[in-house]
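Remember, predicted model here, so these are calculated numbers, not experimental data. Note on naming: letters A, B, ... go to the chains in the order of the sequence lines (proteins, then strands), and numbering restarts at 1 for each one.
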Amino acid sequence: MGDLWNTQDIQTREFDYGRYNTVPWVLLKSFFAICMMTLVYLLYALHELPWRLFGSVIGILILVLAPFFAGLILGFTFESPKAALAYSIIIGFVSVGSCMALMMLPGILHVTEFGFGLNKNVWFYGFFIPFLVTISFVPAGALVSSSTNVYE
Amino acid sequence: MKVRSLKQVLHWLFLAVGAISAVVLAFSVITYVEYARDGYGLEASVEDAWLNGDTLTLKLLVTNPGGMDLILGPLGNITMNSVSTTYIPDGLVQSDDTTAVLVSFVLEQADIETIDSTGIASFSLDLQVTVSERDAVTNLHLDVIDQEVIT
């Protein structure tokens with residue numbers, strides 16, 4: 001049992017953190033994770049775009065699988081599942097925030113006058129749904145991947 | 001296959017998808033802002049035009065590629081030699097659909113004489129677009145050159 005434990009311990013330390021988990025790689029991964037999650041949240045929220053995700057089963061699948069995938073890749077970065085969970089959820093919340101900000105952009109830039117309807121949509125489709133997806137699927141992906149870090 | 005190579009494949013797949021996402025995100029945001037600035041994605045063309053007395057009636061074919069019902073109007077302007085304003089009573093353009101919308105303008109005498117003598121008209125249209133889901137009103141601009149007018 002002791003030998004088995006030692007093997008596991010060595011395998012955990014030998015995982016190729018050096019290859020994909022240097023600071024530039026992690027920054028790049030985080031940036032792409034934010035882009036990917038912001039994009040799917042935004043495409044679900046913006047019903048006016050012809051390439052929207054809203055209103056189709058495939059759209060919902062993409063909406064939940066993209067954050068899972070982002071969490072999965074972010075989770076490979078950390079040896080500790082706790083750190084993976086915390087970091088990926090923070091990145092998820094940053095994505096929710098950027099989705100809200102981008103959704104309000106035409107109002108902020110005053111390209112046209114919006115009433116209360118935009119705010120209502122931003123809170124429901126820009127915050128509420130992305131928030132639920134983030135707290136459900138990002139940690140799921142992060143925990144799956146960080147728990148596989150013990151294997152070579 | 002070792003887990004390590006699976007991780008490697010997943011990383012490279014993620015980088016590819018992430019890079020594409022960044023591009024699509026930028027494009028989508030620019031499109032969204034442009035929609036709000038002008039026309040909300042509506043594409044309009046003049047199918048037919050009639051002049052009856054002093055009233056010019058236009059049959060517009062309006063396409064809405066988005067997933068949100070939009071209302072053309074309630075106000076519209078036509079600019080020829082002078083500017084005429086009208087009220088568009090029912091300009092609902094449903095999502096993913098092309099709708100014919102009739103718009104009538106009472107023209108000034110100079111514009112009527114131009115159309116009567118040549119049979120064609122060049123004008124620009126500025127039609128309000130009401131986005132009820134967003135409580136927003138924006139503008140659809142259309143330049144029409146040498147449109148045949150049935151008199």
Toward chain A, the part of B:Val137 with a non-hydrogen atom under 4.5 Å: backbone

Any donor-acceptor N/O pair, B:Thr55 side chain to B:Phe105 backbone, under 3.5 Å: no

Side-chain touch B:Met68/A:Leu46, heavy atoms, less than 4.5 angstrom: no

Contact origin within A:Ala66 toward chain B - heavy atom pairs under 4.5 Å: neither

Beyond-backbone contact of A:Thr38 with A:Tyr41, side-chain heavy atoms, under 4.5 angstrom: no

Contact leader toward chain A among B:Ala26, B:Pro65, B:Ser132, B:Ala22, where contacts are heavy-atom pairs under 4.5 Å: B:Pro65

Options A:Phe116, A:Phe31, A:Phe69, ranked by heavy-atom pairs under 4.5 Å with chain B, top entry: A:Phe69

Heavy-atom proximity to chain A below 4.5 Å, by part of B:Tyr35: side chain

Donor on one side chain, acceptor on other, B:Asn77 and B:Thr85, under 3.5 Å: yes

Engaged part of B:Leu13 at the chain A interface, taking heavy atoms whose separation is under 4.5 Å: both

Under 3.5 Å: donor-acceptor pair, side chain of B:Asp48, backbone of B:Lys59: no

A:Phe93 and A:Phe131 aromatic centres sub-6.0 Å: yes

Proximal component of A:Leu109, with respect to chain B [non-hydrogen, under 4.5 Å]: side chain

Contact origin within A:Leu102 toward chain B - heavy atom pairs under 4.5 Å: both

Heavy-atom contact with chain A under 4.5 Å, split by part of B:Ala19: both

Heavy-atom proximity to chain B below 4.5 Å, by part of A:Lys29: both

Contact origin within B:Asp96 toward chain A - heavy atom pairs under 4.5 Å: side chain

B:Tyr32 and A:Glu48 side chains, donor-acceptor separation under 3.5 Å: no

Aromatic contact, B:Phe27 with A:Trp51 (centres under 6.0 Å): yes

Heavy-atom pairs under 4.5 Å with chain B, option from A:Lys120, A:Glu113, A:Met36 with the top count: A:Met36

